[in-house]
Participant: 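First, the structure itself, so that you have it in front of you.
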Protein chains: 2
Amino acid sequence: MDVMPIAAGADELDPEIAARVCWHYFKEGQTQEEVAQRLGFTRKRVNRIISQALATGFVQITIDSRYGACAELEAQLKARFGLRLVKVVPAPAPDIDVRTVVGAAAGQYISEALGPSDTIGITWGGTIGAAAQNLRRRTGGNTVVSLIGGLATSGPINPYDNAAAFARALGATCRYVTAPMFADSPQLRDALIRSTPVREILDQVRFIDRALLSAIDLTSHSKALVYGAISADTWRSLRNAGVVGDIAGQYLDAKGRPVSHPIVERVIAADLEQLRSIGELVLAAGGAHKAPIIRAGILAGLAHVLITDEAAAQMLLEAD
Amino acid sequence: MDVMPIAAGADELDPEIAARVCWHYFKEGQTQEEVAQRLGFTRKRVNRIISQALATGFVQITIDSRYGACAELEAQLKARFGLRLVKVVPAPAPDIDVRTVVGAAAGQYISEALGPSDTIGITWGGTIGAAAQNLRRRTGGNTVVSLIGGLATSGPINPYDNAAAFARALGATCRYVTAPMFADSPQLRDALIRSTPVREILDQVRFIDRALLSAIDLTSHSKALVYGAISADTWRSLRNAGVVGDIAGQYLDAKGRPVSHPIVERVIAADLEQLRSIGELVLAAGGAHKAPIIRAGILAGLAHVLITDEAAAQMLLEAD
DNA sequence: TCATCCGAGGAACATATGTTCCAGTGCATG
DNA sequence: CATGCACTGGAACATATGTTCCTCGGATGA
């Protein structure tokens with residue numbers, strides 16, 4: 001199993017063939033060799049189809065969600081921060097991206113919690129992309145709303161890509177904020193927010209049943225920096241202003257208070273009040289470096305449900 | 001993967017340990033050896049836990065249900081018999097029990113279709129047991145109702161065991177028909193059906209949202225015979241009366257008409273009218289030998305949704 | 001206390017799996 | 001028509017997995 005490509009490319013496999021191969025392999029328990037002979041393929045081809053099916057989420061592996069590997073931490077966090085539900089997954093091995101595993105847990109949770117005709121809001125980042133891959137495939141009924149403006153370059157963390165992946169997995173219709181994540185100026189931002197297409201989407205936020213939020217940290221590990229979502233200058237400036245990260249475009253300090261900063265004036269996203277009016281806010285983020293922004297998000301009232309990993313969970317409980 | 005034990009024994013594994021092992025193995029993609037080292041277990045132990053987790057349904061593998069390996073057959077059956085939905089799975093290799101694979105498909109379908117507080121009625125047989133193992137685990141909310149009286153000896157096809165397995169997987173409350181499948185006499189049957197506990201259950205049938213029915217055939221392959229659910233004499237006598245099998249205690253001829261026969265007077269189960277009043281009847285049965293009773297069930301109005309395998313599907317389409 | 005039984009660990013092995021390297025083939029492009 | 005390019009098949013190999021057989025230690029019961 002590969003780890004790097006959080007959102008696999010558009011490597012399409014013929015669903016009917018893939019379904020048959022996977023059925024024989026996973027459900028009947030035949031070997032790849034047997035499957036190959038039965039269908040007249042080479043073993044290599046069967047092997048490739050199976051790998052791809054796993055990588056793209058065509059085939060999913062689900063662990064009984066009623067039992068957690070870290071039940072103790074979950075209970076402590078729930079009590080400590082007054083959360084409705086907490087899922088803590090084991091900290092991954094060093095060479096594995098924590099976003100993949102936390103995203104997997106988030107995808108599974110959303111699959112279980114999302115009603116057949118619910119509307120879900122999502123943000124951006126690798127965790128959200130990984131969640132999309134772990135959504136149980138379904139047909140029709142749902143609506144996906146992207147809560148924040150897009151980035152210009154496509155990629156595994158872009159809001160547009162994430163929203164599209166979500167919608168595709170759910171067979172949902174999708175609404176995008178047709179504006180950049182950061183406008184060039186506060187004036188342009190205001191103009192865009194008032195413009196018809198953006199206003200219409202943001203007005204939809206109050207109809208959202210549930211939102212899956214991720215946390216963007218501003219530590220030196222920040223993937224936003226790596227992927228160029230924000231510039232190094234902006235990063236420094238935000239840190240100097242006491243910002244520990246952002247959640248759905250809300251830039252927060254360590255106590256969870258919104259910080260006043262030029263960039264905040266340029267963000268195109270749902271505002272704090274709109275977010276807080278959503279019935280269930282699910283915050284999914286893991287890794288020790290995310291602990292400060294997770295804490296800030298909880299304090300800001302942006303998390304009813306927390307999905308994280310052991311490392312972040314321990315930091316959250318310790319650093320008091 | 002083993003095939004014989006349709007309903008695995010009560011081999012309990014510590015859910016917390018199992019969750020952790022399976023998480024590392026399936027979600028992080030580490031090898032069993034690595035997992036063992038990380039947790040201080042032997043590789044053998046990790047291997048055992050993983051095998052058990054798969055066998056008991058603690059870990060489940062799901063194939064995107066929007067695509068079927070046998071889409072063509074599904075479309076034909078749907079049109080030919082006017083069904084709402086048809087799922088056809090590939091015919092299993094000769095050494096694999098068809099009930100396991102059809103049951104797997106049935107479990108997946110039910111998991112997807114069952115609302116969070118729905119009541120589901122079920123019957124008995126290996127297919128139902130296999131379905132129970134493939135239900136997505138959830139908590140609370142549902143109610144399972146057994147639609148037919150029980151067998152005295154516990155086992156993978158017994159209505160009680162099946163209902164209990166279903167309820168356990170769903171975290172559901174369960175209602176049993178506290179009476180045998182066959183009363184000793186028509187008089188005793190009538191008395192039992194009028195008795196409080198049985199009457200109360202059967203009255204519940206009209207509150208059932210959905211029922212998962214299996215088909216019991218009377219061919220020489222009949223598992224009912226193998227497991228001793230019916231005697232060889234009864235089997236012969238039913239066949240001579242033109243019975244091709246039964247669905248939820250309804251003994252039908254090849255045209256789907258209820259057959260008059262002494263045993264029918266002794267069956268303790270929901271009656272035909274009650275069954276037909278259920279909003280969605282899902283009939284799950286596979287194997288060429290089941291084709292006659294499946295057809296009879298459809299003709300009798302006992303299937304809105306059909307889940308079967310290629311072999312039965314082809315028989316159903318051919319034999320006209 | 002001792003014999004016995006059961007379950008877990010260890011070693012070893014036969015398979016199954018995933019990957020790499022290379023060659024051929026068909027398709028698109030210049 | 002020639003040239004690559006991308007993909008598939010084949011062979012070979014290094015790992016990973018599942019299983020068997022044996023041993024050990026601890027619990028059970030006479």
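Residue numbering restarts at 1 for every chain, and letters A, B, ... go by the order of the sequence lines.
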Participant: Between dG10(C) atom P and Arg48(B) atom CZ, what is the distance in whole Å?
Facilitator: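 It is 11 Å, rounded to the nearest whole Å.
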Participant: Counting heavy atoms from C-beta on, name the nucleotide in dG9(C), dA11(D), dT19(D) closest to the side chain of Lys44(A).
Facilitator: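 So the nucleotide nearest the side chain must be dA11(D).
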Participant: For Asn47(A) and dT15(C), give me the distance from atom CG to atom P, rounded to whole Å.
Facilitator: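 Those two atoms, CG and P, are 20 Å apart.
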Participant: Measure the distance from CD on Glu33(B) to C1' on dA14(D) and round it to the nearest whole Å.
Facilitator: 15 Å
Participant: Looking just at side-chain N and O atoms, do Thr56(A) and Gln133(A) make a donor-acceptor pair shorter than 3.5 Å?
Facilitator: no
Participant: Considering every strand and a 4.0 Å limit on heavy-atom distances, what is the contact class for Arg43(B): base, sugar-phosphate, or nothing?
Facilitator: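 Base contact.
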Participant: Just the rounded figure in Å: distance from P of dT15(C) to OH of Tyr25(A).
Facilitator: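 Rounded to whole Å, this separation is 17 Å.
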Participant: Any donor-acceptor pair under 3.5 Å linking the side-chain atoms of Thr127(B) with those of Ser214(B)?
Facilitator: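 The answer is no; no qualifying pair exists.
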Participant: Assuming nearest nucleotide by heavy-atom distance, tell me which of Arg45(B) and Ser51(A) is located more 5' along DNA chain C.
Facilitator: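 The residue closer to the strand's 5' end, by nearest nucleotide, is Arg45(B).
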Participant: Do Gln108(B) and Thr62(B) have side-chain atoms, one donor and one acceptor, less than 3.5 Å apart?
Facilitator: no
Participant: With no hydrogens and no angle check, is any side-chain donor or acceptor of Glu310(A) less than 3.5 Å from a backbone partner on Pro90(A)?
Facilitator: no
Participant: Find the distance Glu34(A):CD to dA16(C):C1' and express it as a whole number of Å.
Facilitator: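 The distance from CD of Glu34(A) to C1' of dA16(C) comes to 10 Å, rounded to the nearest Å.
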